[in-house]
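Residue indices begin at 1 and follow the sequence shown. We use all heavy atoms of the structure for the numbers below, so side chains are in, but hydrogens, waters and symmetry mates are not.
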Amino acid sequence: MLLLFRRNFLRRFQTEQNDFLGRIITGDETWVYSWDPETKRQSAEWRDFDEPRPEKVRRKQGALKVMHMIFFDMNGVILRWPVPIGTTINAQYYKKVLQDKLRPAIRKKRPGLLESGILFHHDNAPVHTARAVTDVLAGYKWELLEHPRYSPDLAPCDFHLFPKMKEHLRGQRFETEEDIIQATKVAIKNLDKCSYVTAFKDWLQRIEKCANNGGCYVE
């Protein structure tokens with residue numbers, strides 16, 4: 001599967017170049033917590049050489065969390081959808097988001113993609129590969145870019161967008177669901193516009209490394 005994916009992806013890029021990347025919409029789901037501790041780098045503080053090291057406290061993520069479904073292309077986020085707490089994300093719900101949220105957002109923000117033809121990418125989680133979902137994509141004539149199994153390092157949301165977004169949120173405390181939703185909105189808004197182009201170029205480089213190394217990209 002990985003060999004087929006990288007071969008097809010690179011062949012399409014060699015033939016179509018940036019027109020190929022520019023037609024891709026990729027998306028996934030992620031939890032955003034009411035409290036996510038800072039990374040070691042973020043929490044590092046200056047101290048004199050002879051000062052004792054501060055006592056480290058094991059920090060857990062906050063109990064309150066909101067699932068976000070996010071879809072983006074090289075030009076930025078097309079849809080950020082916070083899933084209501086208590087909602088089960090199954091194939092029917094995912095299909096409904098594609099129909100009622102993502103497609104109208106594409107029509108509003110990227111009408112040209114509907115004309116040129118959408119290349120749609122998500123990972124192969126069971127919710128994404130369910131027949132109800134693939135039938136909707138086929139009905140819209142969105143070409144599905146297959147994703148290799150067990151390869152989060154080849155999913156732009158996982159290796160780029162979500163870490164960048166959460167970097168802006170770490171160390172902040174949110175009291176309510178709405179606080180989390182608004183902070184996530186701001187975090188995405190504050191991302192550099194070039195970040196999305198970088199995500200796709202990095203994706204291409206990772207796939208090329210897979211091809212050159214005969215295996216998957218490892219950081």
Side-chain angles (χ1 to χ4, degrees), residues 1-30 32 68-81 94 97-98 101-103 105-125 128-129 133 137 140-169 184-185 187-213 215-219:
M1 179 66 180
L2 176 59
L3 291 172
L4 180 62
F5 169 76
R6 70 192 188 199
R7 183 170 63 243
N8 290 343
F9 196 100
L10 293 176
R11 182 186 297 126
R12 291 287 295 272
F13 178 73
Q14 290 168 358
T15 302
E16 303 173 42
Q17 296 294 310
N18 284 338
D19 287 342
F20 170 62
L21 296 181
R23 292 167 55 203
I24 297 175
I25 294 174
T26 184
D28 205 350
E29 304 87 37
T30 189
V32 181
H68 280 72
M69 305 174 73
I70 302 177
F71 300 86
F72 74 102
D73 65 0
M74 290 183 71
N75 293 308
V77 170
I78 298 173
L79 176 67
R80 174 194 55 85
W81 177 248
Y94 187 70
V97 171
L98 296 180
K101 304 299 179 182
L102 180 59
R103 194 163 184 248
I106 295 171
R107 186 179 294 114
K108 179 180 179 180
K109 297 180 179 179
R110 309 283 194 274
L113 282 180
L114 295 175
E115 299 295 328
S116 59
I118 291 170
L119 305 176
F120 190 73
H121 172 265
H122 51 198
D123 65 24
N124 48 16
H128 299 163
T129 58
V133 173
L137 298 177
Y140 290 159
K141 294 183 170 52
W142 294 0
E143 182 181 344
L144 182 62
L145 297 179
E146 298 289 347
H147 185 82
R149 292 181 180 179
Y150 316 119
S151 301
D153 51 342
L154 294 179
C157 281
D158 288 331
F159 71 73
H160 187 91
L161 181 63
F162 293 160
K164 293 286 186 184
M165 177 187 79
K166 292 179 181 181
E167 190 174 315
H168 289 268
L169 300 171
T184 304
K185 179 180 179 180
I188 290 175
K189 185 177 180 180
N190 288 340
L191 290 178
D192 190 320
K193 298 300 181 183
C194 296
S195 178
Y196 301 101
V197 175
T198 300
F200 278 78
K201 289 183 176 179
D202 192 8
W203 192 16
L204 179 63
Q205 290 174 355
R206 286 166 179 253
I207 295 171
E208 288 174 337
K209 286 184 178 181
C210 279
N212 294 335
N213 297 336
C216 201
Y217 181 93
V218 178
E219 290 189 281

Check your understanding: Would a 4.5 Å heavy-atom cut-off, applied to side chains only, mark F200 and L204 as touching?
Key -> no
For P156 and F72, the nearest pair of non-hydrogen atoms, with its separation, is CB-CZ, 3.8 Å
dist E146:CD -> T129:OG1 (nearest 0.5 Å) comes out at 9.0 Å
Sequence neighbours excluded, the answer for side chain to side chain donor-acceptor pair (under 3.5 Å) partners of S195 is H160
With side chains defined as the heavy atoms from C-beta onward, is the minimum distance between L191 and V77 less than 4.5 Å? no
CH2 (W142) and NE2 (H121) are apart, to the nearest 0.5 Å, by 15.0 Å
Candidate pair L161 and D28, rule side-chain contact (heavy atoms from CB on, under 4.5 Å), full reasoning = CA-CA 10 Å; L161 181 63; D28 205 350; over 6 Å; no
Determine whether H128 and V133 make a side-chain contact, defined as any pair of heavy atoms from C-beta on separated by less than 4.5 Å.
-> no
Notebook entry, point to check: Under 3.5 Å, side chain of W81 to main-chain N/O of H68, donor-acceptor pair present?
Noted result: no
Here the gap from F71 atom CZ to I78 atom CD1, rounded to the nearest 0.5 Å, amounts to 9.5 Å
Heavy-atom nearest pair, D158 first then P152, reads CB-O, 3.4 Å
Those residues at least two apart in sequence (or on a different chain) that pass side chain to side chain donor-acceptor pair (under 3.5 Å) with H122 are Y94
| query | Is there a side-chain contact between Y140 and I106 (heavy atoms, below 4.5 Å)? | reply | no
So CG of D19 and CD1 of I24: to nearest 0.5 Å the spacing works out to 11.5 Å
With a 4.5 Å cut-off on side-chain heavy atoms, are L119 and F20 touching?
yes
Separation between OG1 (T184) and CD1 (I188), nearest 0.5 Å, reads 6.5 Å
_Any non-hydrogen side-chain atom of M165 less than 4.5 Å from a side-chain atom of V32?_
yes
Correct closest heavy-atom pair for C157 and P163 would be O-CD, 3.7 Å
key: R149 backbone acceptor or donor facing S151 side chain under 3.5 Å   = yes
One should read off an interatomic distance between I207 CD1 and R7 CZ, to the nearest 0.5 angstrom, of 13.5 Å
Hits for side chain to side chain donor-acceptor pair (under 3.5 Å) against R80, two or more places apart or cross-chain, chain-then-number order -> none
Smallest heavy-atom separation, F159 atom then A199 atom, equals CZ-O, 3.7 Å
### Query
Side chains of F120 and L98: does their closest heavy-atom pair fall under 4.5 Å?
yes
Quick note, salt bridge (charged side-chain N to carboxylate O under 4.0 Å, His left out) partners involving residues 107-124, not counting sequence neighbours, are D73-R110
Taken in chain and number order and not counting sequence neighbours, the residues that satisfy side chain to side chain contact (heavy atoms under 4.5 Å, CB included) with S116 are R23, L113
By side chain to side chain donor-acceptor pair (under 3.5 Å), N18 pairs with (sequence neighbours left out) none
Using a 4.5 Å cut-off on heavy atoms from C-beta on, say whether the side chain of D202 contacts that of Q205.
yes
